[in-house]
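The block underneath contains the structure these notes are about, expressed in structure tokens.
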4 protein chains.
Amino acid sequence: MSPRNVEKDMQMREARIEHILTSALETIAKLGIDSANIKDIAREAGLSVGNVYNYFKSKDDIFSEVLLRGQISYGKAISGFAGLDMDPREKLYEISQGWLSTKSNWAFTIMLQSIRTNQSVNPEIKEAATRRFTENLRPLADIMRQGQTKGVIVGGDPQQLAFYYVSLIQGLTLQLAPGYEIPVHIEPENIVRLFMTPASTAAETGFFAVKRDHKLLYKKMFDMT
Amino acid sequence: MSPRNVEKDMQMREARIEHILTSALETIAKLGIDSANIKDIAREAGLSVGNVYNYFKSKDDIFSEVLLRGQISYGKAISGFAGLDMDPREKLYEISQGWLSTKSNWAFTIMLQSIRTNQSVNPEIKEAATRRFTENLRPLADIMRQGQTKGVIVGGDPQQLAFYYVSLIQGLTLQLAPGYEIPVHIEPENIVRLFMTPASTAAETGFFAVKRDHKLLYKKMFDMT
Amino acid sequence: MSPRNVEKDMQMREARIEHILTSALETIAKLGIDSANIKDIAREAGLSVGNVYNYFKSKDDIFSEVLLRGQISYGKAISGFAGLDMDPREKLYEISQGWLSTKSNWAFTIMLQSIRTNQSVNPEIKEAATRRFTENLRPLADIMRQGQTKGVIVGGDPQQLAFYYVSLIQGLTLQLAPGYEIPVHIEPENIVRLFMTPASTAAETGFFAVKRDHKLLYKKMFDMT
Amino acid sequence: MSPRNVEKDMQMREARIEHILTSALETIAKLGIDSANIKDIAREAGLSVGNVYNYFKSKDDIFSEVLLRGQISYGKAISGFAGLDMDPREKLYEISQGWLSTKSNWAFTIMLQSIRTNQSVNPEIKEAATRRFTENLRPLADIMRQGQTKGVIVGGDPQQLAFYYVSLIQGLTLQLAPGYEIPVHIEPENIVRLFMTPASTAAETGFFAVKRDHKLLYKKMFDMT
DNA sequence: CATGAATGAGCTTTCATTCAT
DNA sequence: AATGAATGAAAGCTCATTCAT
């Protein structure tokens, strides 16, 4: 019937969607979420403005989809770490290191805040974004609990600890936004140490010195899709 | 005509400026930084749109002035704490408690990020905001150092610790943005404990139970302008 | 306080609103309802596009307001006729003559239809327009009833007769749309005769020949606001 | 290749064209003439957008073709009635009843008006639509004349009477547009009575009570293509 | 200083039409 | 013929900023 390969079309379409989302994220990372408009995103993607609307029904749709995929991807990565047989301290280290070294992550953080606090955004989208954020705390709380069981992570409500950890990471992420850097070093091992028990900290001799291709592991987790 | 009148005029003008800035902050807190426009701010201030422009030359001007004054005020408050003769842990507790309990503080955090990452904002303004942020780390680092000297705060570069602390507080502040709350408790004493030494944590028996009108103290510091 | 005359401002504002509505009607009459856009209306009114939005919140708002005022005005005129002490046949004649001789009335008829049948229009607006149309049938039915009582108007449900009469007038109105005229004369007295009883028609000798400044009377009724 | 195939192709093509036109009319009837776009029409027809352009060169082309065929079909039906050996009153009754009971006829009326009043439509198309409308008055005038000869239809210029009759029917048709109904009954016999002579009306005892499958006859006339 | 009407650039979105496959 | 992705010209609307009063 159709002179075109339907299956290939579908694949192309999915690839385009992916491409637009990537371009949107990059545009936000470059221009800031306020200045990033459809024209810029389309240009970044190498498409016409009108064509973008063949794949997404609105700008909000694009933005919330970018955030959605980021949150899902992040959630899977953290869940992956939670399920690994590895020192919980090391898990936190890997997560911190991986997240902070990925250039455009601050854009995700900004988007999450923007979507949650912007009055003109559809309430359902806001609610969904908040809910996914909350859900993503769970695997992190699991890691905290694992650490507490082993006596290497400080006591207290694991979910609250997870919340502090995530807030700290997000806060730091924002400081890493391009343009004007803050002249203070960020060292993942020091971040983790804040959550470690006295004994654990004392005993730890060169724990973090272990060589490992961190990025690879983190990336691997992210690709556990 | 008389010098008295001129002076009084100046005071009136300064009061107006203050009032507009307050209204701007409240509007942002209410509507989000994207939706807050001049008309809204003018309405909140009870002024006409045109009249607002008699006091500020642009919207960006208002926003960066709001941020500027917030940063200065915050800096003074922290410096005030740094100079006090008080247990450093208590200082951190007071600061955490005070900051997190002030409703519209998340708006400052959003503004700082918005100004720093928005491409259309004047680079000088961005640079200034970043610089002031960095400067405000110093008194906090002083408090950290005081704690380290007394052996109650964990070791490491005090400025880095201050940076982590501020990032954590800012990250938490964002989660407190109105609309959709995250169902996790935030307890200032637990935040401070993350930065305390083993010994300090162990010895601390009911340390934070001391009754005090925290808000009053924090407010007092903030009003040291 | 205000250096401007507030009352005068209000009057100006009302005049502007009126002016925009008139311009909108004229634009529709000139270009057709499909082609009439805000830019055209603004140009016709001698205003900038943006300024139009200081008086109306949307294009639909303008259109439905035009229709609303037209319907109200029409309703008042018909009610006025219904209350007059005058031969009902003459009332119908006046109404027919007056309505058909007003140039832009076809635009009202088109608008009513457009608003009622356009899926993208707010349902409340559609409902309101339909309701007002129905309400405006009543005074016309009163006139029919008056005629029936005097034995000069044919029998049957007065409201149904009114509905037929209005539909006929509206149908004719549409044929009068500018551009390409239909080469058939429209004679108000013949229209009225369709609704007259045999006796009434027979007895009528030169009834409609009576000289009168019809337009004046009709206009007068319209201005009974 | 063979002549047979060419002929069959032509038939297929004509069937497609017919199908698209029907789909266009249904889409307009469903969504209103403003909202009906090519994508909707193509979907209704079960074709791709691009393929529709293999049969029509523009949207206006489709619309004016829908109207053209409707007008031709209507003209043939009326001419058919004019040529029948039947009471003229009955002819009018059949026409009224048939036209008003066909669901999507209001769409034709709207289209006629839209095309005639829309400035962006090709003038030739507008002129043609108006001309055909005028031509279609003739057979109706013939029916009026037949009635006048028999003394059952009121006097006056037959063409003018036909014009009134058509306007009335069109006016009523618009009121029948879906969405918000006007709560007034429409009774075809009452419509016809408006055009009947006193004697005719008096003598008529149960004239319209004659049972007949009206729709069938009307349909039959319409299919005289 | 005070007002809010006025401007116009810029944004998001729609859609008839074209075109590579 | 058949497809739907691609285009680009508009449309509606918003809003920071200016300006006559």
Side-chain angles (χ1 to χ4, degrees), chain A residues 1-6 8-10 12-13 16 34-42 46-62 120, chain B residues 9 12-13 16 35-43 46-62 120, chain C residues 1-6 8-10 12-13 16 34-42 46-62 120, chain D residues 9 12-13 16 35-43 46-62 120:
Chain A
M1 314 277 159
S2 169
R4 284 203 304 223
N5 187 329
V6 174
K8 198 181 163 197
D9 272 15
M10 292 294 275
M12 290 268 295
R13 191 176 172 83
R16 269 291 156 74
D34 295 344
S35 307
N37 59 39
I38 291 286
K39 215 170 184 170
D40 293 323
I41 293 170
L47 301 174
S48 68
V49 169
N51 201 15
V52 170
Y53 282 87
N54 280 329
Y55 299 94
F56 294 94
K57 70 179 202 298
S58 72
K59 191 188 172 188
D60 270 6
D61 193 23
I62 297 175
S120 71
Chain B
D9 279 6
M12 292 268 295
R13 189 179 168 80
R16 265 291 165 74
S35 306
N37 57 41
I38 290 283
K39 216 170 184 171
D40 291 323
I41 292 169
R43 191 186 306 119
L47 299 174
S48 69
V49 170
N51 203 11
V52 169
Y53 279 85
N54 282 326
Y55 299 93
F56 294 94
K57 71 176 206 294
S58 73
K59 190 189 173 188
D60 273 3
D61 193 23
I62 296 176
S120 71
Chain C
M1 317 279 161
S2 170
R4 285 201 306 221
N5 185 328
V6 174
K8 198 180 164 198
D9 272 15
M10 291 295 275
M12 291 268 295
R13 190 176 172 82
R16 268 293 156 73
D34 295 343
S35 306
N37 58 39
I38 290 285
K39 215 169 184 170
D40 293 322
I41 293 170
L47 301 174
S48 69
V49 170
N51 201 16
V52 170
Y53 283 88
N54 280 329
Y55 298 94
F56 295 93
K57 70 179 201 297
S58 72
K59 191 188 173 189
D60 270 6
D61 193 23
I62 296 176
S120 70
Chain D
D9 279 5
M12 291 268 295
R13 189 179 169 81
R16 263 293 165 75
S35 306
N37 59 39
I38 290 284
K39 215 168 181 172
D40 292 323
I41 293 169
R43 192 186 304 118
L47 300 174
S48 69
V49 170
N51 203 12
V52 169
Y53 279 85
N54 282 327
Y55 298 94
F56 294 94
K57 72 176 204 297
S58 74
K59 190 189 174 188
D60 273 2
D61 193 23
I62 296 176
S120 71

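In what follows, chains carry the letters A, B, and so on, assigned in the order in which the sequence lines appear, proteins first and then strands, with residues in each chain numbered from 1. Computed from heavy atoms alone, side chains included, the values below leave out hydrogens, waters and symmetry copies.
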* **Separation of dA5(E) P from M12(C) CE (nearest whole Å)** => 9 Å
* Round to a whole Å and report the spacing from CD1 of I62(A) to C1' of dC11(E). => 14 Å
* To do: Figure out the CG/C1' separation between D9(B) and dC1(E), and round it to whole Å.
  => 10 Å
* Specify the separation, in whole Å, of atom CG of N37(A) and atom P of dC13(F). => 20 Å
* Asked: Reading DNA chain E 5' to 3', how would its secondary structure be written in dot-bracket notation, given Watson-Crick and G-U pairs with both distances under 3.5 Å, brackets [ ] for crossing pairs and | for partners on other strands?
  -> .||||||||||||||||||||
* **Between dT14(E) (P) and K57(A) (NZ): distance, integer Å** => 10 Å
* Could you tell me whether R13(B) contacts a base, only the sugar-phosphate backbone, or nothing, with contacts defined as non-hydrogen atoms closer than 4.0 Å? => sugar-phosphate
* Asked: Which of residues 49-56 of chain D sit near DNA chain F, with a heavy atom under 4.0 Å from it?
  -> G50(D), N51(D), N54(D), Y55(D)
* Asked: Where is the tightest heavy-atom contact between R13(A) and N54(A), given as atom of each residue plus distance?
  -> NH2-O, 2.8 Å
* Asked: Tell me: CD1 of I41(B) to C1' of dT17(F), nearest whole Å?
  -> 14 Å
* Looking at every strand, decide which applies to R16(B) at a 4.0 Å heavy-atom threshold: base, sugar-phosphate, or nothing. => sugar-phosphate
* To do: To the nearest 0.5 Å, tell me how far I38(B) CD1 sits from S48(B) OG.
  => 11.5 Å
* Asked: Atom CG in D61(C), atom OH in Y55(C): separation rounded to 0.5 Å?
  -> 14.5 Å
* Asked: Between dT3(E), dT7(F), dT7(E), which nucleotide has the shortest distance from any of its atoms to the side chain of S48(A)?
  -> dT7(F)
* Taking atom P of dT21(E) as reference, at what distance in whole Å does atom CE of M10(A) sit? -> 20 Å
* Structure fact -> Whole-Å distance, K59(D) NZ to dT18(E) C1', equals 17 Å
